[in-house]
> 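For reference, the structure I am asking about is given below.
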Number of protein chains: 2
Amino acid sequence: MYEVARHAGVSLATASRVLNGSSRRPGDAISERVKASAAELGYIANAQAQGLAKKNSGMLGLILHDISDPYFSTIARGVQGSVQDQQKVVLLASTGGGPASERRAVATFAARRADAIVIAGTRTDTEKAAGENELLLTELRRYKANGGKVAVIGQPVVGSVPDDGFHTVPVPNRQLSLQLAADLACAGHRRFLILAGPEGLVTSDERLAGFQEGLKQAGLDPAEVRRTGFNRDGGYDAAVTLAEDLNSGTPSARTGAGDGPAVCVFAASDVMAIGAIAGLREHGLRIPEDVAVAGFDDIETLRDFTPALTTAQLPLSSLGSEAVARVLAEDPPQDPFVAQGHIILRHSTETS
Amino acid sequence: MYEVARHAGVSLATASRVLNGSSRRPGDAISERVKASAAELGYIANAQAQGLAKKNSGMLGLILHDISDPYFSTIARGVQGSVQDQQKVVLLASTGGGPASERRAVATFAARRADAIVIAGTRTDTEKAAGENELLLTELRRYKANGGKVAVIGQPVVGSVPDDGFHTVPVPNRQLSLQLAADLACAGHRRFLILAGPEGLVTSDERLAGFQEGLKQAGLDPAEVRRTGFNRDGGYDAAVTLAEDLNSGTPSARTGAGDGPAVCVFAASDVMAIGAIAGLREHGLRIPEDVAVAGFDDIETLRDFTPALTTAQLPLSSLGSEAVARVLAEDPPQDPFVAQGHIILRHSTETS
DNA sequence: CTGAAAGCGCTTACAG
DNA sequence: CTGAAAGCGCTTACAG
């Protein structure tokens, strides 16, 4: 830039003012001259130096569990899109999940002076993670105290209070799973089985609780719950066990032989549901004739799956852009964002 | 850091030396004192300032077409993993594809002084994109001239020469699609139809050419080619047309009624194949009884698809980590990386 | 409107 | 081994 200034015959200050959006803008003649010089010399501003001199870095940190999981990569698309629109850039951290690695990512982003941090991915609320959650919270508070903005997609960070001023973009897990239960009951299902992740995985727990609540409101008994991995293999494993039960006629086995599926399985995510269907099929069970299966998320890549999967559609990409909007706005809206989601009943839970 | 130094009673230089990996390391007593002070004050180094003072920023820029596409998000996982192992951080740009937006991303990363840039995603080699390719190349050369490292996953940037010193991590599109054709011929298929992306999309073109070559080596006639969008909807649309042809008995229609599928469709990507299967089914065609379908990529999320999809498995995540390894190594290997891929024959192309 | 100068928070030859 | 000082490439009050 020094060279640009000299080439244009102006001071560094002036060159800086025309090249970057300063409030004070030099005269037209000078501006043109500087711009021409910059173009001629192929000048590219050093964003690091700018970041050091200004208070903001133009970077937004995105923390998620696994970038290759379609749930997160769709959120990432939304985040990336908005950030790009704002002429900023995203720093990515794929942590593998868990507050400890999330804390590390926050520290890294803080060191790089990211203007804002968006955290996606379920919170873990267990005894065991209490210490790590505490550290994550401390790290976020320190980051915020130094001027950083924070948004969490899903649930608030465990232990955080409204006063912390972290933005939350809630995912309507509870409402949608409640609705899903209602719709499935309405479609005639009576016996349910829930495949959930380990206890303490808040996203899974919310979906579980919402579903049970929905059954209750429909006047049905609570569903049996099987805890398993909150991923494809978890769904598969649980389904294999279920298939063995059904095929051997144990207490959990098929009841209404002939008239519709014996049981309707609600897997706490689409990916789990897909694993479950694979497991059931391998054991000779047909979907939905023998067992009905519903998922959650409406993952795009799975929309052509057969049988078409009943699920709850989440506006994942919008959740990402909304989080960015809140965290980057001068005057962010105070009212909580209400995500639009809805139930999609498809072939996988048809009853006759 | 100034505060840390004062708190520990040492100079800024000394504090800097103990806190960051300098070659000169102060005595143990002093080191301990400084570390204690840093911990007590909760000191976090300002990476921007470090980047400005040092020559490297600790950031790697990743450019891809669409972070929500499983092909790219899997590559991103590989990249992210290696970068994290090296204590660096990734800057993400999801461009939507095309050399023009890629050029912009390169400029952005150059301004931020990313130490290296990894570009994934097919090259576009058309007349129309010639100008943009030229600009992309210029931008990359300038970036490299200023000390940046460049790696491209897939094909070399259009117009680049070995002397440019860009690392290339080739994707074995040609070899694998050739092998796929051979295996399908071996399985008894005789009539083929290729669903490819628009001409000039190098990835698609390579797969197309490899497949035709494989057919030729098997002594078969070249397959008919239908150009369509290189995505799910492209596969769907082409399949609908095909289904209409087959059902109405036009020249392209079913020949060997009864004994195996009339035609084996090779879609240039799994995602296209999934769309194609959806389209065919909607028109009453069964896979693989009426039409066989093969894809390419072996996308993880689609492995439980029914019918199980015949495809070419690509080590996507490894491609990502390999690109990072090359671009971050002091002394990168000169021999080209040979990606391990292989054909997986599954139910979607069974013949009887 | 323009420029000289201080400052952003570090690192690193260069002396001591 | 340690420290004083210059420098990384910008921005921005502060003067003029």
Side-chain angles (χ1 to χ4, degrees), chain A residues 1-35 37-38 41-59 87 107-115 143 146-148, chain B residues 1-35 37-38 41-59 87 107-115 143 146-148:
Chain A
M1 171 140 181
Y2 171 72
E3 314 213 335
V4 173
R6 201 183 44 182
H7 185 277
V10 300
S11 74
L12 255 170
T14 302
S16 170
R17 289 196 265 254
V18 356
L19 260 23
N20 308 71
S22 166
S23 49
R24 314 197 109 0
R25 43 171 129 203
D28 286 350
I30 287 193
S31 291
E32 288 312 312
R33 203 137 42 86
V34 173
K35 282 177 189 163
S37 300
L41 300 178
Y43 171 74
I44 297 184
N46 183 324
Q48 293 201 114
Q50 294 186 132
L52 188 57
K54 297 198 291 194
K55 65 248 97 225
N56 60 331
S57 66
M59 303 192 292
Q87 311 275 30
T108 300
F109 291 163
R112 300 200 169 266
R113 298 300 184 268
D115 299 333
Y143 172 70
N146 288 325
Chain B
M1 170 142 180
Y2 171 73
E3 313 212 337
V4 173
R6 200 184 45 183
H7 186 277
V10 301
S11 74
L12 254 172
T14 301
S16 170
R17 287 196 267 256
V18 354
L19 259 22
N20 308 71
S22 167
S23 48
R24 318 195 104 5
R25 41 168 129 209
D28 285 352
I30 288 194
S31 292
E32 288 314 312
R33 204 136 42 86
V34 173
K35 282 179 190 163
S37 300
L41 301 178
Y43 170 73
I44 297 185
N46 182 324
Q48 292 201 114
Q50 294 186 131
L52 187 59
K54 298 198 291 193
K55 63 247 99 231
N56 59 333
S57 66
M59 303 193 290
Q87 312 273 32
T108 301
F109 290 164
R112 299 200 170 266
R113 299 297 184 270
D115 298 334
Y143 172 69
N146 288 326

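The sequence lines fix the lettering, A, B, ..., with proteins before strands; numbering per chain opens at 1.
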> Atom CD of B:Gln48 to atom C1' of C:dG9: distance rounded to whole Å?
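Taking CD of B:Gln48 and C1' of C:dG9, I get 10 Å after rounding.
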> Report the distance from atom CG of B:Leu41 to atom CZ of B:Arg6, rounding to the nearest 0.5 Å.
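Going from CG on B:Leu41 over to CZ on B:Arg6, the span is 9.0 Å.
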> Rounding to an integer number of Å, can you tell me how far B:Asn146 CG sits from D:dG9 C1'?
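Interatomic distance, CG of B:Asn146 to C1' of D:dG9: 14 Å.
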> To the closest 0.5 Å, what do you measure between CD (B:Gln50) and CG (A:Leu52)?
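The distance works out to 11.0 Å.
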> For the side chain of A:Lys54, starting at C-beta, report the closest nucleotide among D:dG3, C:dC10, D:dT12.
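Nucleotide nearest to A:Lys54's side chain: D:dT12.
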> If pairs are Watson-Crick or G-U with both distances under 3.5 Å, what is the dot-bracket string of DNA chain C, marking crossing pairs with [ ] and pairs to another strand with |?
|||.||||||||.|||
> Looking at A:Ile44 and B:Ala110, what are the two nearest heavy atoms and their distance?
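Looking at all heavy atoms of both residues, the closest pair is CD1-CB, 4.4 Å.
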> Rounding to a whole Å, what distance do you find between A:Leu19:CG and C:dT2:C1'?
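Roughly 16 Å, once rounded to whole Å.
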> Can any side-chain N or O of A:Tyr143 pair as donor or acceptor with the backbone N or O of A:Ala114 at less than 3.5 Å?
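Yes; at least one donor-acceptor contact below 3.5 Å.
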> If the C1' atom of D:dT12 is compared with that of D:dG16, how far apart are they to the nearest Å?
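It comes out at 16 Å once rounded to the nearest Å.
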> Of the options D:dC8, D:dC10, C:dT11, whose atoms approach the side-chain atoms of B:Leu52 most closely?
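Closest of the options to the side chain of B:Leu52: D:dC8.
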> Looking at B:Gly58, is its backbone amide N or carbonyl O close enough to the side chain of B:Asp115 to form a donor-acceptor pair, meaning the two atoms are under 3.5 Å apart?
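Yes; at least one donor-acceptor contact below 3.5 Å.
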> With nearest nucleotide decided by heavy atoms, which residue, B:Gly9 or B:Ala49, maps closer to the 5′ end of DNA chain D?
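The answer here is B:Gly9.
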> Measure from CD on B:Gln50 to C1' on D:dG9 and round the result to the nearest Å.
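Nearest whole value for this atom pair: 16 Å.
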> Can you give me the closest heavy-atom contact between B:Val4 and B:Ala38, atom names plus distance?
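Minimum heavy-atom separation between B:Val4 and B:Ala38: CG1-N, 3.8 Å.
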> Out of curiosity, A:Arg112 CZ to A:Met59 CE, how far, rounded to the nearest 0.5 Å?
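Reported value, rounded in 0.5 Å steps: 7.0 Å.
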> Say whether, by atom type as modelled, one donor and one acceptor occur between the side chain of B:Ser37 and the main chain of B:Arg33 under 3.5 angstrom.
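Yes, because the side chain of B:Ser37 sits within donor-acceptor range (under 3.5 Å) of the backbone of B:Arg33.
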> Taking atom P in both D:dG9 and D:dA13, what distance in whole Å separates the two?
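Those two atoms are separated by 23 Å.
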> Relative to the 5' end of DNA chain D, which residue comes earlier, B:Arg113 or B:Thr14, by the nucleotide with the nearest heavy atom?
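Looking at DNA chain D, the more 5' nearest nucleotide goes with B:Thr14.
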> Round to a whole Å and report the spacing from CZ of A:Arg6 to P of D:dG9.
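In whole Å, D:dG9 P and A:Arg6 CZ are 14 Å from each other.
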> Kindly say if A:Lys55 contacts the phosphate of D:dT11, meaning a side-chain N or O under 4.0 Å from OP1 or OP2.
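For D:dT11, OP1/OP2 do not have a side-chain N/O of A:Lys55 under 4.0 Å.
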> Please list each protein N or O that sits under 3.5 Å from an N or O in nucleotides 4-7 of chain D, with the distance.
none

> Please tell me if B:Ser16 has a side-chain N or O lying less than 4.0 Å from either OP1 or OP2 of C:dC10.
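No, because none of the side-chain N or O atoms of B:Ser16 sits under 4.0 Å from OP1 or OP2 of C:dC10.
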> Main chain of A:Arg113, side chain of A:Ser57: is a donor-acceptor contact present, judged purely on distance under 3.5 Å?
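Present.
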